[in-house]
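Following: one structure in structure tokens, then a few remarks.
Model, not experiment: these values are computed from the prediction. Here is the naming used below: chain letters follow the sequence lines, and residue numbers restart at 1 for every chain.
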2 protein chains.
Amino acid sequence: MATMVDVARAAGVSISTVSHVLNGTRNVEPPTRARVLAAIEQTGYRQDTLARAMRRSKTDSIGLVVSDAGEPAFAEMVHGVEQEAAVRGLTLLLANSAEDPERERRAVRTLLERRVDGVILACAADAAPPLLADLQHEKAPVVLLDRLYRDQPFDQVGADNRDSMRTLVRHLAARGHRRFLVIAGDVRVPVLEERLDGFFDGVRDAHVSADDQQIITGVDRSSLGEPIARALAQGVATAVIACSTPLAAAGLRALEDLDRKTPADVAFATFDGFDYPDLFQPRLTTVRQPAFDMGVAAVRLLMERLEAPDTSPRTVRLHQDLQLRESTEAFAPTVA
Amino acid sequence: MATMVDVARAAGVSISTVSHVLNGTRNVEPPTRARVLAAIEQTGYRQDTLARAMRRSKTDSIGLVVSDAGEPAFAEMVHGVEQEAAVRGLTLLLANSAEDPERERRAVRTLLERRVDGVILACAADAAPPLLADLQHEKAPVVLLDRLYRDQPFDQVGADNRDSMRTLVRHLAARGHRRFLVIAGDVRVPVLEERLDGFFDGVRDAHVSADDQQIITGVDRSSLGEPIARALAQGVATAVIACSTPLAAAGLRALEDLDRKTPADVAFATFDGFDYPDLFQPRLTTVRQPAFDMGVAAVRLLMERLEAPDTSPRTVRLHQDLQLRESTEAFAPTVA
DNA sequence: CTGTTAGCGCCTTCAG
DNA sequence: CTGAAGGCGCTAACAG
């Protein structure tokens, strides 16, 4: 592998001249410049980013850590981050945490060790406080994505989870629904907690008793099937609200096992939703995150932070879209 | 940030001793060793991976480039790669190419520049030959995943696309189907080409004329809707085979627009399939890649390659599973 | 406008 | 068993 020394020799100039034509960091006479360029071509020289990063302590790259880039909502955020990074000439390094605090910690550390200029992080469920404390302590440039934490001194980008859940409940209440089954999942995840809060807001708006509502929480997705089935079997709820895609899958499966139809027997709405929403039968009313834009916004915040490290952290909430479809079309069925 | 010099000073030893306790690269007396460890603790020292990589030219990390980690099949491969990498203490750096040769090239280059020990690559549709030639030329340790190319001197891991398509056709032929509509997509992607080849194998096995078959190819997914609708409208095909998930989505949408039911009016089968296959109505007969295992195998091949750089390249084909579901249950409807 | 030189933080011979 | 010293490839003063 050719180095700058080789190029310098081939061009008959000093190594610093080579460096300067490479980086455009000072004027060099067109003829010498041309000789250097030729020498680069001829030697097949390529910059050693590592050595470069070591000197500059800057890499023009950023890291992104999500729990699973395969989940639709995260996939879209990843795309948003990629696009905005590309526009700004930044390289993106991506890592999955699998919702595991240990892996997440390792991923962030690896990224930082590789001198990414900053990290965008959708925290794993149970991981935030200690990890964030560390990151804050070492002054790492971090922006939090999707999973927002109050009173954390970081830039944050998320969706208006609470408000949009409230809107959804209002919509259902207007159709006569008074008793809900909320599949809330792991409420240690702030997103889900916010959605649950929004549910109670909505219930209050509708002047119905919070006591009549069924809420299913639980850390482990795979063990949610049974409680869901049980709650559904009682048959008091006329509307089911799932707070994320995997939770919706669990809910739909339970409904099918019980042979209860949507929307005839029970209304169904979900957050995030499935890919190809038009192919899904019945078409599901969905609250969709502006995931792509969230990714874009995260990159912007990160860059602004790097430029002005000492301004105070900002939190951005983007509006979620309530997409009404068949699954909530019917009015509340009368219950036995 | 504390460096080895700080640690050495704090421990009252030389910097080389520090290096050696850090890497366990030669014996050091327990007492000195202890002092060094204490000093590390106390100074909050952390190794500079960049400087380290620069000296060692090795990073214990690998890169993975796919077109979109958000697509179900790739997501699963990513998981497989992650797991096997974790088991072996390797850090994984992930990148999406968005099926764009330019982005792919950049991604691979970035990874290599960051001195990953090797790269696992699912080539973008149109990108392979020139990129692969370069990679071969610079002797980069690369294993090809999913998208396999004949006569390329790389280790490769894929699925038995041709055979499984043949099996699928045989299954459909046994139910009386003689005229197929194959949504083949971008046949520059080797996977899709192989599946198409397998289709013709199957047709031959069934002793039906290849001329009666309708094949839809095309680079641009979004413009496939119209030809699909046209082909379907003619109504000669009794079975539709989609060669990937997005193609299946296009096919199903067209069927719905025409109000043709599956499997009553037409049988439907797809490769790769959707997440949550049980929730999809109708349940789709699917040929599923062993994507996770492919990821695992790719890491293994890569590591073996690094250990024995000069052995000849191997190609591994993993078996795909034909999952029969409702969408191909009925016998071939008689055509008008 | 160009060249010389001192490190960045680390690993690794080579001496002691 | 430990230390001293060179150099990986590059950038950025500092000189001329």
Partner residues of [X] under the side-chain hydrogen bond (donor to acceptor under 3.5 Å, both in side chains) criterion, sequence neighbours left out:
X	result
A/Arg55	none
A/Asp68	B/His79
A/Arg33	none
B/Thr311	B/Arg305

Problem set entry | All salt bridge (charged side-chain N to carboxylate O under 4.0 Å, His left out) counterparts of A/Glu82, not counting sequence neighbours |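 Per chain and number, A/Glu82 pairs via salt bridge (charged side-chain N to carboxylate O under 4.0 Å, His left out) with B/Arg103.
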Exercise. Is there a donor in the side chain of B/Asp117 and an acceptor in the side chain of B/Ser61, or the other way round, less than 3.5 Å apart?
Worked result: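 Checked: B/Asp117/B/Ser61 side chains show no N/O donor-acceptor pair below 3.5 Å.
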Exercise. Distance-only, no hydrogens or angles: does the A/Asn96 side chain make a donor-acceptor pair with backbone N or O of A/Ala98 under 3.5 Å?
Worked result: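 A pair under 3.5 Å: no.
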For this session: Identify whether any heavy atom of A/Val13 sits under 4.0 Å from a base atom; if not, whether one sits that close to sugar-phosphate; answer base, sugar-phosphate or nothing.
Result: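 Since only primed, P, OP1 and OP2 atoms lie under 4.0 Å of A/Val13, the category is sugar-phosphate.
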Problem set entry | B/Ser19 side chain near C/dC11 phosphate (N/O to OP1/OP2, under 4.0 Å) |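 Yes, such a contact exists.
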Exercise. Can you check whether A/Ser14 has a side-chain N or O nearer than 4.0 Å to OP1 or OP2 of C/dT4?
Worked result: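 Looking at the OP1 and OP2 atoms of C/dT4, neither is under 4.0 Å from any side-chain N or O of A/Ser14.
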List every contact pair, protein side and nucleotides 5-9 of chain C side both N or O, where the distance is under 3.5 Å.
residue	atom	partner	partner atom	Å
C/dG7	N2	A/Arg55	NE	3.2
C/dG7	N2	A/Arg55	NH1	2.2
C/dG7	N3	A/Arg55	NH1	3.0

Problem set entry | Sequence-distant partners of A/Gln136, side-chain contact (heavy atoms from CB on, under 4.5 Å), two or more places apart |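 Per chain and number, A/Gln136 pairs via side-chain contact (heavy atoms from CB on, under 4.5 Å) with A/Pro153, A/Phe154.
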For this session: With sequence neighbours left out, write down each residue that passes side-chain contact (heavy atoms from CB on, under 4.5 Å) with B/Ala159, or none if nothing qualifies.
Result: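 Here the qualifying residues are B/Asn161, B/Gln289, B/Pro290, B/Met294, B/Gln320.
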For this session: For A/Glu304, look at atom CD and say whether over 12 heavy atoms of other residues, nucleotides or ligands are found less than 6.0 Å away.
Result: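 For A/Glu304, atom CD is crowded (more than 12 foreign heavy atoms under 6.0 Å).
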Ignoring hydrogens and angles, write down the donor-acceptor pairs under 3.5 Å from the side chains of residues 139-146 of chain B, residues two or more places apart or on other chains.
none

Exercise. Of the residues in residues 22-36 of chain A, which ones touch DNA chain C at a heavy-atom distance under 4.0 Å?
Worked result: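 Those residues are A/Arg26, A/Asn27, A/Val28, A/Glu29, A/Thr32.
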Problem set entry | Axial bend angle, the helix from C/dC1-D/dG16 to C/dG16-D/dC1: five-pair end segments, nearest 10° |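 Roughly 40°, once rounded to the nearest ten degrees.
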Problem set entry | Nucleotides bounding contact with chain B, strand DNA chain D, heavy-atom threshold 4.0 Å |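 Nucleotide range in contact with chain B: D/dC1 to D/dG9.
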Exercise. Under a 4.0 Å N-O cut-off, is there an ion pair linking A/Arg147 with A/Glu193?
Worked result: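 Not counted as a salt bridge, because no side-chain N and carboxylate O are separated by less than 4.0 Å.
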For this session: Apply side-chain hydrogen bond (donor to acceptor under 3.5 Å, both in side chains) to A/Asn23 and A/Arg52, showing your working.
Result: CA-CA 11 Å; A/Asn23 300 304; A/Arg52 186 158 195 265; 2.9 Å; yes
